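Contents: one structure, followed by commentary.
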Amino acid sequence: MMPALRLGPLVIPADFALLIAAAAAGLLAARLLNRQRDLAADLGTALWRALLIGLLVARLSFVWQYREHYLPDPIRVLDLRDGGWHGWAGLAAAWAYTLFAALRRHAPRAALVGALALASAVWVGGGRWLAPTPQAQPELAALAVQRIDGAPAALSTFHGKPTVINLWASWCPPCRREMPAFAKAQAANPDVNFVFLNQGEAPPDVAKFLEQHAPSLRNVLLDPAGDASRNFSNRGLPATLFLDAQGRLVDLRVGELSTASLAQRLEAIQKADGG
């Protein structure tokens with residue numbers, strides 16, 4: 001599992017890096033497959049349009065499904081940092097446009113279809129390779145965590161229900177921005193454990209921050225060494241782990257979550273528990 005890539009101070013979520021890799025593979029394949037050099041510009045234009053149409057449809061499909069979360073503040077539809085999109089809907093739209101372009105436009109058909117086929121294979125295959133294996137994570141069980149008062153704690157006590165573990169720090173702006181979404185979700189989902197695992201901050205600093213900004217949060221624990229973020233997100237914050245009722249990791253998101261993208265993942269682990 002590779003939840004994030006670290007390039008110096010920049011941490012890139014793996015799903016975004018995979019999208020870049022798929023697009024690059026498609027463009028490279030187009031150059032290699034194209035035998036009609038005079039139509040290279042038409043080929044590149046068609047591929048870029050397919051990518052943009054796919055991304056647009058993927059985003060709008062997600063927004064429509066979770067529209068109740070966007071209606072109070074529609075401008076949040078433009079905030080792509082939450083990672084809210086339906087990849088399969090976008091892929092279908094990209095293929096629909098590609099087939100249209102191959103039949104109706106001047107772009108070389110074989111090169112166009114071959115390029116998108118390779119890009120699709122990279123995206124689908126890479127997504128399966130990067131997906132967390134649904135098995136118990138020994139790194140979680142071994143974490144030395146504690147309560148704010150210094151008493152030892154164990155994440156194993158939260159087994160038995162679907163569990164969400166949010167890795168955060170008070171100095172992290174996106175951590176602070178997503179905290180109201182987590183507070184709301186914790187209050188609305190008593191059948192899910194929410195654990196807020198602070199990374200590397202002193203207990204007085206954490207207590208002061210919670211008192212001022214998030215007094216309603218429950219299950220706040222400390223990871224003094226920051227082992228969770230080092231093991232699971234390449235030190236990228238915020239990061240959120242989604243576990244089923246047996247304590248198996250089924251999803252991991254590096255980056256900010258909105259109420260909509262959090263609701264999507266909560267539905268997934270609740271359905272997994274019910275199935």
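Values in this document were obtained by computation on a predicted structure and should not be read as measured data.
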Handout entry: Whether Arg109 side chain and Ala102 backbone form a donor-acceptor pair below 3.5 Å
Key = yes

Practice task
Return the minimal non-hydrogen interatomic distance between Ala50 and Thr98, and the atom names on each side.
Solution key: CB-OG1, 3.6 Å

Handout entry: Pairs where residues 161-180 contributes a residue and the test ring-ring contact (aromatic ring centres under 6.0 Å, His included) is met, not counting sequence neighbours
Key = Trp168-Phe209

Problem - 4.5 Å side-chain heavy-atom contact, Leu222 and Arg147 - result: no

Exercise for the section: Give a yes or no on whether Phe100 and Val57 share a hydrophobic cluster (residues Ile, Leu, Val, Met, Phe, Trp, Tyr; joining criterion: side-chain heavy atoms under 4.5 Å apart). Expected result: yes

Exercise for the section: Would you sort out whether Leu241 and Leu140 count as a side-chain contact (heavy atoms from CB on, under 4.5 Å), showing the intermediate values? Expected result: CA-CA 10 Å; Leu241 290 71; Leu140 278 174; 4.1 Å; yes

Practice task
Return yes if some donor-acceptor pair links the side-chain N/O of Gln186 with the main-chain N/O of Arg218 below 3.5 Å, else return no.
Solution key: yes

Fill in the blank from the handout: The side-chain hydrogen bond (donor to acceptor under 3.5 Å, both in side chains) partners of Asn219 (sequence neighbours excluded) come to none

Practice task
Would you mind listing the cluster partners of Val63? Hydrophobic ones only (ILVMFWY), side-chain contacts under 4.5 Å, chaining allowed.
Solution key: Phe62, Tyr66, Tyr70, Val77

Practice task
Dump the intermediate steps for side-chain contact (heavy atoms from CB on, under 4.5 Å) on Leu43 and Arg31, then the final yes or no.
Solution key: CA-CA 9 Å; Leu43 177 60; Arg31 292 179 62 90; over 6 Å; no

Problem - Euclidean distance, Leu237 CG relative to Asn166 CG, rounded to 0.5 Å - result: 9.0 Å

Practice task
Report yes if some heavy atom in the side chain of Leu249 is under 4.5 Å from a heavy atom in the side chain of Phe232; otherwise report no.
Solution key: yes

Exercise for the section: List the atom of Glu178, the atom of Pro238, and the distance in Å for their closest heavy-atom pair. Expected result: OE2-CB, 3.0 Å

Fill in the blank from the handout: Rounding to 0.5 Å, atoms CG (Leu19) and CG (Leu51) come to a distance of 6.0 Å

Practice task
Check for a donor-acceptor pair, side chain of Gln199 on one end and backbone N or O of Ala169 on the other, with a separation under 3.5 Å.
Solution key: no

Handout entry: Neighbour count above 12 (heavy atom, 6.0 Å) for Leu71 CG
Key = yes

Problem - Residue list, ring-ring contact (aromatic ring centres under 6.0 Å, His included) with Phe242, at least two apart or on another chain - result: none

Handout entry: Atom CD of Glu211: over 12 foreign heavy atoms under 6.0 Å
Key = no

Handout entry: Heavy-atom side-chain contact between Leu221 and Leu155 under 4.5 Å
Key = yes

Fill in the blank from the handout: Heavy-atom closest pair (Leu33 atom, Ala115 atom, distance to 0.1 Å) is CD1-N, 4.1 Å

Handout entry: Minimal non-hydrogen separation, Ser170 against Arg176, with atom names
Key = O-NH1, 3.0 Å

Practice task
Identify whether the distance between the nearest side-chain nitrogen and carboxylate oxygen of Arg59 and Asp82 falls below 4.0 Å.
Solution key: yes

Exercise for the section: Answer yes or no: are there more than 12 heavy-atom neighbours, outside Arg67 itself, under 6.0 Å from its atom CZ? Expected result: yes

Problem - Those residues that, when tested against His159, pass ring-ring contact (aromatic ring centres under 6.0 Å, His included) (two or more places apart) - result: none

Practice task
Show your working on side-chain contact (heavy atoms from CB on, under 4.5 Å) between Leu243 and Asn193 and close with a plain yes or no.
Solution key: CA-CA 9 Å; Leu243 291 76; Asn193 291 318; over 6 Å; no

Problem - Arg76 CZ to Ser258 OG distance, which is reported to the nearest 0.5 Å - result: 5.5 Å

Fill in the blank from the handout: The ring-ring contact (aromatic ring centres under 6.0 Å, His included) partners of Phe182 (sequence neighbours excluded) come to Phe196

Handout entry: Within-4.5 Å side-chain heavy-atom neighbours: Leu167 and Asp223
Key = no

Practice task
Before giving the answer on side-chain contact (heavy atoms from CB on, under 4.5 Å), spell out for Met179 and His213 the whole-Å C-alpha distance, their side-chain angles and the decisive distance to 0.1 Å.
Solution key: CA-CA 9 Å; Met179 198 159 282; His213 301 285; 5.9 Å; no

Practice task
Measure the CD-NE2 distance between Gln264 and His86 for me, rounded to the nearest 0.5 Å.
Solution key: 5.5 Å

Practice task
Start with the C-alpha gap between Asp79 and Arg81, add the side-chain angles, then the distance that decides, and say whether salt bridge (Lys or Arg N to Asp or Glu O under 4.0 Å) holds.
Solution key: CA-CA 6 Å; Asp79 189 355; Arg81 293 173 298 183; 2.8 Å; yes

Fill in the blank from the handout: Output for pair (Asp15 CG, Trp123 CH2), nearest 0.5 Å, gives 10.0 Å

Practice task
Please check if the side chain of Arg265 supplies one atom and the backbone of Ser261 the other of a donor-acceptor pair under 3.5 Å.
Solution key: yes

Completion exercise
So CG of Asn189 and CG of Leu262: to nearest 0.5 Å the spacing works out to 8.0 Å

